[in-house]
Amino acid sequence: MIVVAKDSEEFAGFGRYAGPATLILASLADGTKHGYALTKDIESFAGVRLAPGTLYEALARLEAQGMIEGVESHDRRRPYRLTAAGATALRAHLDNQRRVAELGLRRLAGSWGPA
């Protein structure tokens, strides 16, 4: 479940695509990538393999919301890059997720002992 904070309302419209959107934006925070490169990067840092339909649907939504933009390419691949709006939304969303994770870990430690 992805929790939406007031400062990351951009993610509210993604519903079940919030997870893929977060992964894609996090990948693009490291630089421009096309679909296959995104898939491989996400798999390496998150251990998640996005199905092509999920990936391209999320890319279309992110582009429509102005969080990413396509970059000119000289071959058939279409690279994308993070926009300033996308970076702002990702930072707010990840800050919120960090707060949730830290709270959950504190509560677990209090009830179940430290990890």
Side-chain angles (χ1 to χ4, degrees):
M1 181 175 137
I2 302 293
V3 177
V4 178
K6 289 179 257 174
D7 54 0
S8 65
E9 291 176 2
E10 292 88 353
F11 279 83
F14 282 106
R16 66 187 183 109
Y17 291 101
T22 302
L23 295 171
I24 291 166
L25 293 174
S27 180
L28 292 176
D30 189 37
T32 300
K33 295 178 187 72
H34 56 76
Y36 181 74
L38 281 164
T39 299
K40 297 313 276 181
D41 186 46
I42 291 166
E43 192 171 3
S44 73
F45 76 75
V48 174
R49 181 155 178 85
L50 294 179
T54 301
L55 174 71
Y56 289 102
E57 176 68 23
L59 285 170
R61 287 171 182 255
L62 288 166
E63 191 169 27
Q65 286 198 338
M67 291 191 204
I68 65 171
E69 60 189 6
V71 178
E72 186 176 331
S73 176
H74 300 288
D75 61 20
R76 62 185 178 90
R77 291 181 263 184
R78 182 167 189 217
Y80 296 89
R81 71 175 157 219
L82 189 64
T83 64
T88 299
L90 177 63
R91 184 180 314 277
H93 184 67
L94 293 176
D95 282 344
N96 184 56
Q97 291 304 298
R98 180 183 9 220
R99 285 190 299 276
V100 171
E102 288 172 352
L103 173 68
L105 290 169
R106 279 193 312 273
R107 288 180 176 181
L108 277 172
S111 299
W112 298 94

Using side-chain heavy atoms (C-beta onward) and a distance below 4.5 Å, is E57 in contact with T54? no

S73 versus H34: any side-chain heavy-atom pair under 4.5 Å? no

Y36 atom OH, neighbour heavy-atom count above 12 within 6.0 Å: no

Reported OG-to-CD1 distance for the pair S27 and I42, which is rounded to 0.5 angstrom: 5.0 Å

Looking at P79, is its backbone amide N or carbonyl O close enough to the side chain of T32 to form a donor-acceptor pair, meaning the two atoms are under 3.5 Å apart? no

Of all the heavy-atom pairs spanning L25 and G86, show the shortest one and how long it is. CD1-O, 4.3 Å

Under a 4.5 Å cut-off applied to non-hydrogen side-chain atoms, are L28 and L90 in contact? no

Find the distance between CD1 (I24) and CG (L55) and round it off to the nearest 0.5 Å. 5.0 Å

If every non-hydrogen atom of L38 is compared with every non-hydrogen atom of K33, which pair is closest and at what distance? CG-CB, 3.9 Å

Check T83 against G66 and note the closest heavy-atom contact, atom names and distance. OG1-O, 2.6 Å

How about Y80 and E63: do any of their side-chain heavy atoms sit closer than 4.5 Å? yes

Test R106 against L103 for side-chain contact (heavy atoms from CB on, under 4.5 Å), laying out the working first. CA-CA 5 Å; R106 279 193 312 273; L103 173 68; 3.7 Å; yes

Quick one: do V71 and M67 end up in the same hydrophobic cluster if we chain Ile, Leu, Val, Met, Phe, Trp and Tyr together by side-chain heavy atoms under 4.5 Å apart? no

I'd like to know if E43 pairs up with K40 as an ion pair, taking the criterion as any Lys NZ or Arg NE/NH1/NH2 lying under 4.0 Å from an Asp or Glu carboxylate oxygen. yes

Donor + acceptor pair across side chains of T22, H93 (<3.5 Å): yes

